[in-house]
A.B. asks: 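Below is one structure. I have some questions about it.
Note that the structure is predicted; figures quoted are calculated from it, not measured. Each chain gets a letter, A, B and so on, in the order the sequences are listed, and its residues count up from 1.
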2 protein chains.
Amino acid sequence: MNNVQDESRRDRKKIARRVLLIEIGRRLIATKGLRSLKVRDVAEAAECSIGSVYNEFGDFDGLILTVNRETVQALTARLRAVPADDPVRQLHGLADAYLGFATERANLLRSLFEHRMEDDRPFPEDILAMVMEAFALMHAPLVRLLPDRDASDVALLSRMMFSAVHGIISLGLEERMVAVPPERLRERLAQFIDTHLAGLGVPRG
Amino acid sequence: MNNVQDESRRDRKKIARRVLLIEIGRRLIATKGLRSLKVRDVAEAAECSIGSVYNEFGDFDGLILTVNRETVQALTARLRAVPADDPVRQLHGLADAYLGFATERANLLRSLFEHRMEDDRPFPEDILAMVMEAFALMHAPLVRLLPDRDASDVALLSRMMFSAVHGIISLGLEERMVAVPPERLRERLAQFIDTHLAGLGVPRG
DNA sequence: ATTCATCTTGAACATTGTTCATTTTCGAGC
DNA sequence: GCTCGAAAATGAACAATGTTCAAGATGAAT
């Protein structure tokens, strides 16, 4: 019938269902962890058959990878929203934003970093590229703080700094015994960044 | 018959099999990754029944956790073997040792950090404690380098520094696209530690 | 040799990912 | 409106894999 830019009724339904399945997958991973995610639970929650999940994503990994893809996109959006006025504040803001995301969506972030492909199937390159892109977001402020440094040097530095922040956060949130409260972690991260900047020769603000 | 300190023939056989199962589990995880580890593969390789694996470890997670326990022990042993002559060299040595371990036994280390319990079963406290202990090994050299700092402050600093090193290594080895060669990572880590020490006010050696 | 506790076995079961022949849906052309 | 065909949806059946347990095998003690 109406055929406004290829958006037939069928397509709309298909898209709506796809979105629903992704949302359910995300909710289940977020609440019960990746390991507890089952095809049947997803299908039941979406009130559709198991086969439909496979029609939409090829296999179960396809759904997981789609959720992970959106997770890294959400993370990137949040990181990009950090004000870029002052470079030092921006670096602190990026670490804070990452910590906030990791605290609020711990299981989703874990799914992104811990999911492995079966056997030796390759990990999707686009997800890797997006993660790398997110981890490169410390590059701009560092360029401003280190104008005399070699460009490729700063690129390495920025990824390294972000990887370090990632390690501190993921292990800090993991240590359930010590139960480091996020507020403490926030302080530690700020201290870490300041120390590192001082080591790089950036005068304290 | 002979009953020298409870070591009956039965016990010896039992222990030998347990060791065999653990070795097979470790080998399979190391070569094909945790996700590809199957009970039946382990039983077949050990030339015993599936049930015996369950007798020995309770459930399949039990075997994985035992392998992980030994992985963190091996890691700790390697880290403890780093010479403690000069504190700065020791810190570099610890990072190098960790990098070496992560390079040679990538899948085993991943298994240690990525394995999750089913549902909400608690993660074994002893493994967490051992990981924490390993991550505290930067404490001693840092105490020597920062004699005037508060003790608890240095404790935090050392764990943070090791967590950062962990993040740099695990992500550095992950980026299959860029394929950071371990030798490059080694240089980066050394640079990172030096920068951080400089930020902490340690005069360059 | 007998006995008994313990260990071992593997078939059966339970859970969960995957396939595919069949049925249903829905838009297009008449 | 009706018919037809392509696309989608279905869910039973299958495959892979974790788990249990009744029955048999083993070995230490007497």
A.B. asks: For residues 16-25 of chain B, please give each side-chain donor-acceptor pair under 3.5 Å, one per line with the distance, not counting sequence neighbours.
C.D. replies:
{"unit_1": "B:Arg17", "atom_1": "NH2", "unit_2": "B:Ser52", "atom_2": "OG", "d": "3.1"}
{"unit_1": "B:Arg18", "atom_1": "NH1", "unit_2": "B:Glu56", "atom_2": "O", "d": "3.3"}
{"unit_1": "B:Arg18", "atom_1": "NH1", "unit_2": "B:Glu56", "atom_2": "OE2", "d": "3.0"}

A.B. asks: Whole angstrom is fine here: how far is it from NE2 in B:His115 over to P in D:dG18?
C.D. replies: 12 Å

A.B. asks: Checking B:Asp119 now: which residues fulfil side-chain hydrogen bond (donor to acceptor under 3.5 Å, both in side chains) with it, not counting sequence neighbours?
C.D. replies: none

A.B. asks: Rounded to the nearest Å, what distance is computed from the NZ atom of residue B:Lys38 to the P atom of nucleotide D:dT19?
C.D. replies: 12 Å

A.B. asks: What pairs with A:Phe135 under ring pair (Phe, Tyr, Trp, His ring centres under 6.0 Å), at least two apart in sequence or on another chain?
C.D. replies: A:Phe162, A:His166

A.B. asks: Tell me whether the side-chain N/O atoms of B:Lys13 come closer than 4.0 Å to OP1 or OP2 in D:dG27.
C.D. replies: yes

A.B. asks: Using side-chain hydrogen bond (donor to acceptor under 3.5 Å, both in side chains) as the criterion, list what pairs up with B:Arg149, not counting sequence neighbours.
C.D. replies: B:Asp153

A.B. asks: Once salt bridge (Lys or Arg N to Asp or Glu O under 4.0 Å) is applied, what residue pairs with a partner in residues 75-84 of chain A remain, sequence neighbours excluded?
C.D. replies: A:Arg78-A:Glu104, A:Arg80-A:Glu133

A.B. asks: Starting from C1' on C:dA14, measure out to CD on B:Glu118 and report it in whole angstrom.
C.D. replies: 13 Å

A.B. asks: Which residues within residues 40-58 of chain B lie with some heavy atom under 4.0 Å of an atom in DNA chain D?
C.D. replies: B:Arg40, B:Ile50, B:Tyr54

A.B. asks: Let me know the distance between CG of B:Asp59 and C1' of D:dT20, rounded to the nearest Å.
C.D. replies: 12 Å

A.B. asks: Please enumerate all residues that pass side chain to side chain contact (heavy atoms under 4.5 Å, CB included) together with B:Arg110, with sequence neighbours excluded.
C.D. replies: A:Arg116, B:Ala106, B:Asn107, B:Glu114, B:Glu174

A.B. asks: Take the protein atom NZ of A:Lys14 and the nucleotide atom C1' of C:dC26, then report the distance between them rounded to whole Å.
C.D. replies: 14 Å

A.B. asks: Return yes if some donor-acceptor pair links the side-chain N/O of A:Asn68 with the main-chain N/O of A:Ile127 below 3.5 Å, else return no.
C.D. replies: no

A.B. asks: Only counting residues at least two apart or in another chain, list the ones meeting side chain to side chain contact (heavy atoms under 4.5 Å, CB included) with B:Asp61.
C.D. replies: A:Arg35, B:Asp59, B:Ile64, B:His115, B:Met117, B:Arg121

A.B. asks: What residues from residues 16-34 of chain A pass a heavy-atom cutoff of under 4.0 Å to DNA chain C?
C.D. replies: none

A.B. asks: Heavy atoms only, 4.0 Å cut-off, all strands: where does B:Leu63 land among base, sugar-phosphate and nothing?
C.D. replies: nothing

